[in-house]
Amino acid sequence: MNHPQLLELFASALAIDIKKVTPDLAYGTIPEWDSTAHMILIAEIEDKFDVMLDTDDIIDMSSVAKADEIINKYLIQQ
């Protein structure tokens, strides 16, 4: 993980214990990660990392590992 603070963001946005947040955690695999929680998660990521995610990246953010990869792409571009 390039951005370990993502674990806390996921735990907060999904209202789950941080111990449940692993790089393999994927959208739809737990009841807490639904479409509403996904949008909350996106808002928190954009705020924390001061980025504006493209729609394709929002849709593609299907796991914690993928979120880490996407955030890395934005931070490299800055």
Side-chain angles (χ1 to χ4, degrees):
M1 295 268 322
N2 295 311
H3 310 289
Q5 63 269 50
L6 273 176
L7 302 178
E8 290 182 22
L9 276 175
F10 271 81
S12 173
L14 303 180
I16 61 173
D17 191 298
I18 195 166
K19 293 176 186 172
K20 290 184 174 181
V21 183
T22 66
D24 294 332
L25 180 63
Y27 177 82
T29 59
I30 59 172
E32 293 89 346
W33 195 351
D34 59 13
S35 59
T36 302
H38 190 75
M39 295 316 296
I40 292 169
L41 176 64
I42 296 302
E44 290 193 18
I45 288 172
E46 288 180 335
D47 185 53
K48 177 73 176 181
F49 291 97
D50 195 25
V51 296
M52 181 66 71
L53 300 174
D54 292 335
T55 302
D56 289 343
D57 289 326
I58 292 171
I59 293 169
D60 197 32
M61 196 172 292
S62 57
S63 70
V64 174
K66 189 66 178 179
D68 190 55
E69 178 185 314
I70 289 170
I71 294 302
N72 201 43
K73 176 180 76 172
Y74 280 83
L75 295 180
I76 287 173
Q77 292 174 351
Q78 291 181 344

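As a basis for the values below, the full set of heavy atoms in this structure was taken, side chains included, without hydrogen atoms, waters or symmetry mates. In what follows, residues are counted from 1 in the order of the sequence shown.
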Evaluate D54 against Y74 for side-chain contact (heavy atoms from CB on, under 4.5 Å), listing each step before the verdict. CA-CA 10 Å; D54 292 335; Y74 280 83; 3.5 Å; yes
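Side-chain contact between I16 and W33: absent, with no pair of heavy atoms (C-beta onward) separated by less than 4.5 Å. With contacts defined as side-chain heavy-atom distances shorter than 4.5 Å, the pair L25/L14 qualifies. Residues L9 and H3 have side chains not in contact (no heavy-atom distance under 4.5 Å, counting atoms from C-beta outward). Between I58 and H38, the closest side-chain pair of non-hydrogen atoms falls below 4.5 Å. The shortest distance between side-chain heavy atoms of N2 and I71 does not fall below 4.5 Å. Side-chain contact between I30 and K20 is absent, with no heavy-atom pair separated by less than 4.5 Å.
The nearest pair of heavy atoms linking K19 to T22 is O-CG2, 4.4 Å. Taking each heavy atom of V21 and A11 in turn, the nearest pair found is CG2-N, 3.8 Å. Taking both residues in full, the closest heavy atoms of A37 and A13 are given as CB-O, 4.2 Å, listed atom of the first, atom of the second, then distance. Smallest separation of non-hydrogen atoms from E46 and L53: OE2-N, 2.9 Å.
Paired with D57 under the rule side-chain contact (heavy atoms from CB on, under 4.5 Å), one option of K66, M52, K73 passes, and it is K73.
Rounded to the nearest 0.5 Å, atoms CZ (F10) and CG (D68) are 9.0 Å apart. Note that CE of M39 is 6.0 Å distant from CD1 of I42, once rounded to the nearest 0.5 Å.
The cluster map of Ile, Leu, Val, Met, Phe, Trp and Tyr, joined by side-chain heavy atoms under 4.5 Å apart, puts V64 and I40 in different clusters. Two different hydrophobic clusters hold I59 and Y27 under the rule that ILVMFWY side chains link at heavy-atom gaps under 4.5 Å.
Annotation for E32: atom CD counts as buried by contact number, over 12 foreign heavy atoms lying within 6.0 Å.
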